[in-house]
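Numbering of residues begins at 1 and proceeds along the displayed sequence. Just so you know, ligand 1 is whichever comes first in the structure, and atom 1 is the first atom listed for that ligand.
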Amino acid sequence: MQSTNIILIGFMGTGKSTVGEQLAQRLHYERCDLDEEIVKATGKTIPQIFAEDGEEIFRQLETNVLRQLVDGNRRVIITGGGAVLRPENVQIMLRHGRVVALTACEQEIIRRVERDQNRPLLQGNVKEKVRELLQARAGAYDFAPVQIDTTGKTIEEIVDEITTA
Ligand SMILES: Nc1ncnc2c1ncn2[C@@H]1O[C@H](COP(=O)(O)OP(=O)(O)O)[C@@H](O)[C@H]1O
Ligand SMILES: O=C(O)C1=C[C@@H](OP(=O)(O)O)[C@@H](O)[C@H](O)C1
Ligand SMILES: [Mg+2]
């Protein structure tokens, strides 16, 4: 595998943060998580940013952090599920790394995110929110040349697939 950045995209709960950590360890790449960098930069949690500043500010922070992180090499850049919504971000990703999309079926996504309170867009009826957002974002992750279905796979199997893709 060439030395460059690997950029993980995918809907919430597809395992970007979990897989990214193992992938970075395996390849001896630096692990960079957009959400974590935003939290560090603002001193606020993600739900706090959404509640106090709104989604638009969060999206701007996401773009700013993405721009900074791609300016490096041998990084596993873990994005949040909505980072692909800005065409500007898609261009940055394609220009600066190998973009890998993780997918999972709807039931599996719901099972994985159900008990997590950290996703402001999924508060309330999680099943309904996931269904609505999956529809609204249909096709948004298709631009990645590598697509990996994570349903029923272990993290190790997914990392294997990414490193051999
Ligand atoms: N392949 C997998 N099989 C089972 N559970 C998984 C898998 N990948 C991630 N998870 C679990 O799903 C939840 C969401 O994973 P996370 O890595 O936070 O996803 P994302 O960053 O894409 O939102 C976590 O509890 C994680 O342990
Ligand atoms: O899909 C989204 O819009 C979001 C996904 C989250 O990251 P994960 O995909 O890691 O859950 C986080 O960035 C924020 O809650 C918004
Ligand atoms: Mg994540």
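The contact set between ligand 1 and Thr14, taken as ligand atoms under 4.0 Å from a residue heavy atom, comprises 22 (O). Heavy-atom proximity to Gly15, at under 4.0 Å, picks out these atoms of ligand 1: 8 (N), 9 (C), 15 (O), 16 (P), 17 (O), 19 (O), 20 (P), 22 (O).
When all heavy atoms are compared, the tightest approach of Gln147 to Tyr141 is NE2-O, 3.0 Å. Across all their heavy atoms, His96 and Thr4 have their closest contact at O-OG1, 4.1 Å.
Considering backbone and side-chain N/O atoms, Gly81 comes within less than 3.5 Å of an N/O atom of ligand 2. For Asn118, no nitrogen or oxygen atom sits less than 3.5 Å from a nitrogen or oxygen atom of ligand 2, counting backbone and side chain alike. Looking at ligand 2, you won't find any N or O of Leu121 less than 3.5 Å from one of its N or O atoms. Residue Thr79 has no nitrogen or oxygen atom sitting less than 3.5 Å from a nitrogen or oxygen atom of ligand 2, judged on distance alone.
Not a single heavy atom of Glu36 sits less than 4.0 Å from an atom of ligand 2.
Salt bridge annotation for Glu62-Arg86: absent, with no cationic side-chain nitrogen under 4.0 angstrom from a carboxylate oxygen.
Among the atoms of Thr18, no N, O or S atom is found under 2.8 Å from the Mg ion (ligand 3).
By the criterion of a heavy-atom distance under 4.0 Å, neither the backbone nor the side chain of Glu55 is placed next to ligand 2.
The heavy atom nearest to atom 14 (C) of ligand 1, considering only Glu108, Glu157, Arg119, is found in Arg119.
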